[in-house]
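All remarks here apply to the structure that follows.
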Amino acid sequence: MGRLVAVDFMSLDGVVQSVLSADEDREGGFDEGGWVPPYVDDVVGRFMSETTAGAGALLLGRKTYEIFASTWPYGDMDDPAIAAMNTMPKYVASRTLRELRWAGSVLLGADLATEVDRIKTEVEGEIVVPGSGDLLRTLIEHDLVDEYRILVLPLLLGGGKRLFAEGTAPRHLTLASARATPSGVLITTYRRATDDTDTS
C-alpha cells in the first residue's frame with residue numbers, strides 16, 4: 001500500500017509560492033519568486049535527492065509537471081534522483097493538459113480522491129508530491145496526505161500562496177523528525193497521529 005508524502009519548501013510565514021524561480025508563479029502579483037536556491041546547502045540537496053530517488057512514484061500538479069518535464073528528461077542519468085524521476089511512474093492532476101510527453105506520465109481523471117486511492121493500491125512505497133501547492137491544497141482538503149516533509153526557510157515573504165489555507169480542517173500530526181541545516185533550513189517530518197486525540 002502506497003503512502004502519500006508531501007514535500008514542500010515553506011517560508012517562516014507559511015508561503016510556498018514560486019520557490020525556485022521568479023517566473024514560476026506570479027499569480028496575485030507575487031514578485032518574490034526564487035527564494036529557495038540561496039538556502040540549498042549540501043544537507044538540503046542530499047535530503048531532496050534521497051527523497052526523490054527513494055520514491056515509488058510522483059504525483060504532480062500541472063505547473064510542477066510542466067517545469068519538471070521541460071528539464072529532467074534531459075538531465076544526467078548518472079544522478080540517482082534524475083534517473084529515478086525519468087523511470088518511475090508520474091501521475092499528473094490537470095484539467096487542461098491533454099498530452100503528456102515525459103515518459104511514464106499518466107493523466108489522472110477528474111475525481112482526484114478516487115484516483116489517489118487507486119494509486120495507493122498500485123504503488124508500493126512512497127508517492128511523493130513535490131511542490132504542487134494548488135494540488136496539495138486539494139489533497140489536504142480530502143485528507144489524503146499521510147506524511148508532510150516541510151523544509152522551513154528562515155525568511156519572511158509577507159504574502160503569497162500558503163500550503164495550509166484558511167479553512168483547513170483541524171488535524172493532529174506527530175513530529176517524526178526535525179533537524180537544522182547549515183544554511184538555517186529546518187527539515188521537518190510530520191505524520192498522521194496514530195490517535196486522533198494525540199496533540200504531540
Side-chain angles (χ1 to χ4, degrees), residues 1-10 16-27 30 33-34 36-37 40 44-151 161 163 165 189:
M1 186 74 174
R3 297 172 59 254
L4 198 67
V5 178
V7 180
D8 227 322
F9 293 99
M10 180 185 292
V16 295
Q17 186 172 359
S18 200
V19 299
L20 297 178
S21 71
D23 294 324
E24 186 179 328
D25 182 2
R26 292 185 179 272
E27 189 174 329
F30 187 74
V36 166
V40 179
V44 171
R46 186 164 56 251
F47 174 82
M48 294 302 294
S49 179
E50 290 174 354
T51 295
T52 304
L58 296 179
L59 175 57
L60 307 165
R62 178 187 61 80
K63 292 176 186 175
T64 302
Y65 175 81
E66 290 182 327
I67 292 168
F68 281 22
S70 68
T71 305
W72 297 122
Y74 314 103
D76 182 2
M77 288 291 284
D78 289 332
D79 182 310
I82 294 174
M85 279 194 290
N86 282 315
T87 54
M88 73 175 67
K90 292 163 282 288
Y91 299 96
V92 184
S94 173
R95 296 184 181 91
T96 57
L97 290 177
R98 293 293 176 265
E99 185 177 1
L100 305 178
R101 298 181 181 274
W102 192 7
S105 299
V106 178
L107 187 63
L108 298 179
D111 187 343
L112 185 61
T114 299
E115 291 281 63
V116 170
D117 284 340
R118 175 181 60 80
I119 293 168
K120 284 185 176 185
T121 66
E122 295 176 352
V123 174
E124 290 292 331
E126 295 177 352
I127 304 156
V128 171
V129 188
S132 303
D134 292 338
L135 168 62
L136 265 179
R137 280 184 287 277
T138 301
L139 297 171
I140 292 167
E141 178 185 346
H142 291 281
D143 195 20
L144 293 169
V145 180
D146 299 298
E147 180 173 306
Y148 296 90
R149 294 178 192 167
I150 307 296
L151 295 89
K161 295 178 181 177
L163 181 58
T189 299

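One-based numbering along the sequence shown.
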Task: Evaluation steps, salt bridge (Lys or Arg N to Asp or Glu O under 4.0 Å), between Asp134 and Lys161 - done: CA-CA 9 Å; Asp134 292 338; Lys161 295 178 181 177; 3.8 Å; yes
TODO: Take Ile127 and Val116 through the test side chain to side chain contact (heavy atoms under 4.5 Å, CB included) and record every step on the way to the result.
DONE: CA-CA 10 Å; Ile127 304 156; Val116 170; over 6 Å; no
TODO: Could you give me the CA-CA distance, side-chain angles and deciding distance for Val129 and Asp8, then say whether side chain to side chain contact (heavy atoms under 4.5 Å, CB included) is met?
DONE: CA-CA 8 Å; Val129 188; Asp8 227 322; over 6 Å; no
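Qualifying side chain to side chain contact (heavy atoms under 4.5 Å, CB included) partners for Asp146, counting only residues two or more places apart in sequence or in other chains: Arg3, Leu4, Lys120, Arg192. Remark: Glu141 pairs with no residue by the salt bridge (charged side-chain N to carboxylate O under 4.0 Å, His left out) rule, at least two apart or across chains. Scored by the side chain to side chain contact (heavy atoms under 4.5 Å, CB included) test, Val36 finds Phe9, Val19, Leu20, Val40, Leu153 as partners (sequence neighbours excluded). With sequence neighbours left out, the side chain to side chain contact (heavy atoms under 4.5 Å, CB included) criterion links Ala22 to Arg26.
Partner Tyr65 forms a side-chain contact (heavy atoms from CB on, under 4.5 Å) with one of Leu107, Val92, Leu135 and no other, that one being Val92.
A distance-only check finds a donor-acceptor pair linking the side chain of Ser132 to the backbone of Gly61 [under 3.5 Å]. Using a distance-only test at 3.5 Å, with no hydrogens or angles considered, no donor-acceptor pair links the side chain of Glu147 to the main chain of Val7. Side-chain atoms of Thr71 come within 3.5 Å of backbone N or O of Ile67 as a donor-acceptor pair.
Going from atom NE2 of His142 over to atom CG of Asp117 covers 10.5 Å, rounded to the nearest 0.5 Å. To the nearest 0.5 angstrom, Thr138 atom OG1 is 9.5 Å from Leu144 atom CG. Here OG1 of Thr121 is found 6.5 Å from CE of Met1. Values are rounded to the nearest 0.5 Å. Rounding to the nearest 0.5 Å places CD of Glu66 at 7.0 Å from OG1 of Thr96. Residue Leu97 holds its CG atom at 6.5 Å from CZ of Arg62, rounded to the nearest 0.5 Å.
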When the side chains of residues 51-59 are checked against the rest of the protein, which donor-acceptor pairs come out under 3.5 Å, sequence neighbours left out?
residue : atom : partner : partner atom : Å
Thr51   : OG1  : Phe47   : O            : 2.9
Thr52   : OG1  : Met48   : O            : 2.9

Side chains of residues 78-90: which donor-acceptor partners sit under 3.5 Å, not counting sequence neighbours?
residue : atom : partner : partner atom : Å
Asp79   : OD1  : Ala81   : N            : 2.9
Asp79   : OD1  : Ile82   : N            : 3.4
Asn86   : OD1  : Trp102  : NE1          : 2.8
Asn86   : ND2  : Trp72   : O            : 2.9
Asn86   : ND2  : Ile82   : O            : 3.2
Thr87   : OG1  : Ala83   : O            : 2.8
Thr87   : OG1  : Ala84   : O            : 3.3
Lys90   : NZ   : Met85   : O            : 2.7
Lys90   : NZ   : Met88   : O            : 2.8
Lys90   : NZ   : Ala103  : O            : 2.9

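The two residues Leu136 and Gly131 come nearest to each other via the heavy atoms CD1-O, 3.3 Å. Closest heavy-atom contact between Ala69 and Tyr74: O-CE1, 4.1 Å.
A salt bridge is defined here as a Lys NZ or Arg NE, NH1 or NH2 lying under 4.0 Å from an Asp or Glu carboxylate O, and Glu126 with Arg149 meets this definition.
Looking only at side-chain heavy atoms (C-beta outward), Phe68 and Lys63 stay at 4.5 Å or farther from each other. Residues Glu24 and Gln17 have side chains not in contact (no heavy-atom distance under 4.5 Å, counting atoms from C-beta outward).
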